[in-house]
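Contents: one structure, followed by commentary.
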Amino acid sequence: MNANERVFPVRNYDLSATLSSGQAFRWRHHDDSWVGVIGSRWVRLQATNASIIAQTAEPVGDWRWLNHYLQLDLDLDAVLSTFPNDDPMRSAVGHSRGLRLLRQDPWECLASFILSSTKQIVQIQQIVTLLCSRFGDPVDAPPDRGLVNAFPLAARIAALPESDLRACKMGFRAPYLLAAARLVADGKLNLAALEKLPLPEAREELLQIPGVGRKIADCVLLFAYGFPTAFPVDVWVMKALCELYFPKRRPTRQRLERFTETYFGPHAGYAQQYLFHYMRTRPVPRP
DNA sequence: CTCCAGGCGCCTT
DNA sequence: AAGGCGCATGGA
């Protein structure tokens with residue numbers, strides 16, 4: 001049965017926290033709903049008490065792509081129950097219960113996070129918006145929505161001069177994005193093949209890409225491939241770890257890595273997202 | 001004006 | 001191993 005609307009019953013799903021938590025950069029809040037593009041589909045999502053209402057521009061027969069993107073079949077309580085039962089995690093989970101991890105397209109995720117270094121989330125959104133509007137394939141959208149574009153294909157970006165990328169305000173990240181796009185377009189980097197690899201091997205593959213270090217690699221491993229123990233440590237998570245878990249003195253790099261690999265359990269990546277969102281959105285601590 | 005933002009690469013100790 | 005610096009850009 002084809003339709004351009006569908007109601008997904010959900011429980012404990014905080015759509016706003018999820019779509020605004022710095023995993024994906026193309027979602028915009030309009031009125032009481034969220035508008036974005038998944039693959040080549042324009043999508044509007046509206047959260048109600050116990051459901052998410054999805055609307056597309058064109059009729060959809062099989063909604064598994066959205067189910068997969070939103071990870072609707074995940075048992076969140078089962079994930080939360082694996083977190084360490086300590087004060088920081090209780091605070092972080094209590095602050096935004098229902099925060100989820102999405103399952104994004106690897107190329108879009110990789111490209112977006114290459115553009116993320118030393119940028120605030122709002123600015124990453126601006127760069128991605130420019131990139132999509134200039135080089136993304138047009139996508140069908142409701143008539144009053146203006147032009148909407150998919151995220152640009154790697155092959156399209158690979159064929160651009162660096163100046164066209166710099167014109168999207170990405171600065172020194174332009175050659176990194178270009179190099180990554182060429183690796184993918186030339187078939188030297190098979191992103192689809194990474195999902196079958198063990199985490200360390202998939203990470204090593206990503207670390208070969210210019211402009212991709214441990215943090216960006218782990219973002220892609222977590223947000224696109226769903227490796228449950230990928231654990232990106234950015235300035236916010238570092239702040240959480242140092243303030244909440246190592247208040248006495250700064251841990252060594254090796255001590256910190258050992259800690260993040262063991263302490264947070266089999267869904268450490270999820271725990272990381274709760275810590276990240278908590279540090280970014282909690283009330284400013286009084287001195 | 002200075003400082004810094006979901007880092008990385010390269011260069012020093 | 002660990003720290004400093006430059007890299008574009010824009011906002012506070």
Side-chain angles (χ1 to χ4, degrees), chain A residues 17-27 92 95-96 99-102 104 106 108-131 134 160-183 189 203-225 227 230-244 246 249-261 264 268-282 284:
Chain A
T18 299
L19 298 181
S20 68
S21 64
Q23 315 176 50
F25 302 100
R26 299 205 62 197
W27 291 99
H95 179 71
S96 56
L99 174 65
R100 305 290 186 124
L101 288 177
L102 302 168
Q104 301 177 61
E108 176 173 343
C109 188
L110 170 64
S112 297
F113 278 96
I114 285 175
L115 300 176
S116 74
S117 66
T118 49
K119 280 290 181 190
Q120 299 182 71
I121 289 176
V122 174
Q123 305 215 15
I124 303 167
Q125 291 172 337
Q126 290 171 350
I127 296 170
V128 169
T129 297
L130 271 176
L131 192 66
R134 293 183 182 181
L160 295 173
E162 188 183 303
S163 57
D164 280 1
L165 296 178
R166 287 187 180 267
C168 295
K169 312 297 184 185
M170 66 183 71
F172 63 85
R173 303 158 194 82
Y176 294 147
L177 179 62
L178 189 54
R182 287 176 175 167
L183 285 173
L189 172 63
R203 179 183 284 140
E204 278 310 307
E205 288 292 309
L206 292 172
L207 288 174
Q208 302 305 311
I209 305 166
V212 176
R214 177 62 182 261
K215 189 269 174 182
I216 292 176
D218 275 38
C219 283
V220 178
L221 293 167
L222 185 62
F223 302 144
Y225 295 100
F227 284 101
F231 197 99
V233 178
D234 74 311
V235 291
W236 290 99
V237 173
M238 179 65 83
K239 185 176 166 66
L241 294 173
C242 290
E243 281 186 11
L244 306 175
F246 297 91
R249 57 185 173 86
R250 275 179 56 84
T252 65
R253 179 191 294 268
Q254 192 167 19
R255 178 81 184 86
L256 197 66
E257 181 167 346
R258 179 50 89 197
F259 183 72
T260 59
E261 281 178 352
F264 293 99
Y270 242 104
Q272 173 276 156
Q273 194 65 12
Y274 274 88
L275 288 174
F276 173 74
H277 193 249
Y278 175 58
M279 296 302 286
R280 277 192 66 235
T281 58
R282 68 176 176 175
V284 286

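In this text the structure is predicted, and so the values were computed from the model without any measurement.
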Got a sec? Which of residues 163-175 of chain A come in under 4.0 Å of DNA chain C, heavy atoms? A/R166, A/K169, A/G171, A/F172, A/R173
Atom CD1 of A/I127 to atom P of C/dG11: distance rounded to whole Å? 11 Å
Give me the distance, rounded to whole Å, that separates B/dG6 from C/dA2 when you measure between the C1' atoms they each carry. 22 Å
Both A/Q273 and A/L207 contact DNA chain B. Taking the nearest nucleotide for each, which residue is further toward the 5' end? A/Q273
Side chain proximity check, A/P210 to A/I114, heavy atoms < 4.5 angstrom: no
Could you give the distance separating C/dG10 and B/dC8 at their P atoms, to the nearest angstrom? 22 Å
Whether the side chain of A/T18 engages the backbone of A/R100 through a donor-acceptor N/O pair (distance < 3.5 Å, no angle test) should be reported. yes
Test ring-ring contact (aromatic ring centres under 6.0 Å, His included) on A/F25 and A/F113; report intermediate values, then the result. CA-CA 10 Å; A/F25 302 100; A/F113 278 96; 5.2 Å; yes
If you look at every strand shown and take non-hydrogen atoms under 4.0 Å, does A/P232 touch a base, only sugar-phosphate, or nothing? base
Close side-chain approach of A/Q272 to A/L222, heavy-atom, < 4.5 Å: yes
When the distance from CD of A/Q125 to C1' of B/dG6 is rounded to whole Å, what number comes out? 12 Å
Per-nucleotide pairing state of DNA chain B [Watson-Crick or G-U, under 3.5 Å; [ ] pseudoknot-crossing; | other strand]: .||||.|||||||
Across the strands shown, which category fits A/F25 at heavy-atom distances under 4.0 angstrom: base, sugar-phosphate, nothing? nothing
In whole angstrom, give the distance that lies between atom CG of A/L115 and atom P of B/dC8. 13 Å
Whichever of A/I121 and A/G211 has the more 5' nearest nucleotide on DNA chain B, that residue is A/I121
When you compare the protein's N or O atoms with those of nucleotides 11-13 of chain B, which come within less than 3.5 Å of each other, and at what distance?
none

Value rounded to 0.5 Å, distance of CG in A/L165 from CD1 in A/I127: 11.0 Å
I need the CD1-P distance between A/I124 and C/dT9, as an integer number of Å. 16 Å
Electrostatic pair A/E243:A/R282 at N-O distance under 4.0 angstrom: yes
Identify whether any heavy atom of A/G213 sits under 4.0 Å from a base atom; if not, whether one sits that close to sugar-phosphate; answer base, sugar-phosphate or nothing. sugar-phosphate
Can you find a heavy atom in the side chain of A/V237 that is under 4.5 Å from one in the side chain of A/M279? no
Kindly state whether the pair A/F276 / B/dG6 counts as stacked, where counting means centroids closer than 5.5 Å and planes tilted less than 30° apart. yes
Kindly write out the residues that satisfy side-chain contact (heavy atoms from CB on, under 4.5 Å) with A/F259, not counting sequence neighbours, or none if the list is empty. A/L241, A/Y245, A/F246, A/R255, A/Y263, A/F264
So A/V212, base contact, sugar-phosphate only, or nothing? Heavy-atom distance under 4.0 Å. sugar-phosphate
Quick one: does A/F223's side chain get under 4.5 Å of A/L102's, heavy atoms only? no
For the side chain of A/I216, starting at C-beta, report the closest nucleotide among B/dG6, B/dG7, C/dT9. B/dG7
Can you tell whether the side chains of A/E162 and A/R166 come within less than 4.0 Å, N to carboxylate O? yes
Can you check whether any acceptor in the base of B/dG6 is under 3.5 Å from a donor in the side chain of A/Q272, or vice versa? yes
CG of A/L130 to CD of A/Q126: how many Å apart, nearest 0.5 Å? 8.0 Å
Report which part of the nucleic acid A/S112 touches: base, sugar-phosphate, or nothing (heavy-atom distance under 4.0 Å, all strands). nothing
Tell me: CZ of A/R280 to C1' of B/dG6, nearest whole Å? 8 Å
Tell me yes or no: between the side chains of A/Q254 and A/T252, is some donor less than 3.5 Å from an acceptor? no
Sequence neighbours excluded, the answer for side-chain contact (heavy atoms from CB on, under 4.5 Å) partners of A/S117 is A/F172, A/R173
Would you mind reading off the distance between A/R255 atom CZ and C/dA2 atom P, rounded to a whole angstrom? 13 Å
Rounded off to whole Å, could you give me the CG-to-C1' distance for the A/L130 and C/dA8 pair? 14 Å
Calculate the interatomic distance between A/D234 atom CG and B/dC8 atom P; express it in whole Å. 10 Å
Below 3.5 Å between N/O atoms, which protein atoms pair up with nucleotides 3-6 of chain C? Just atom names and distances, please.
none

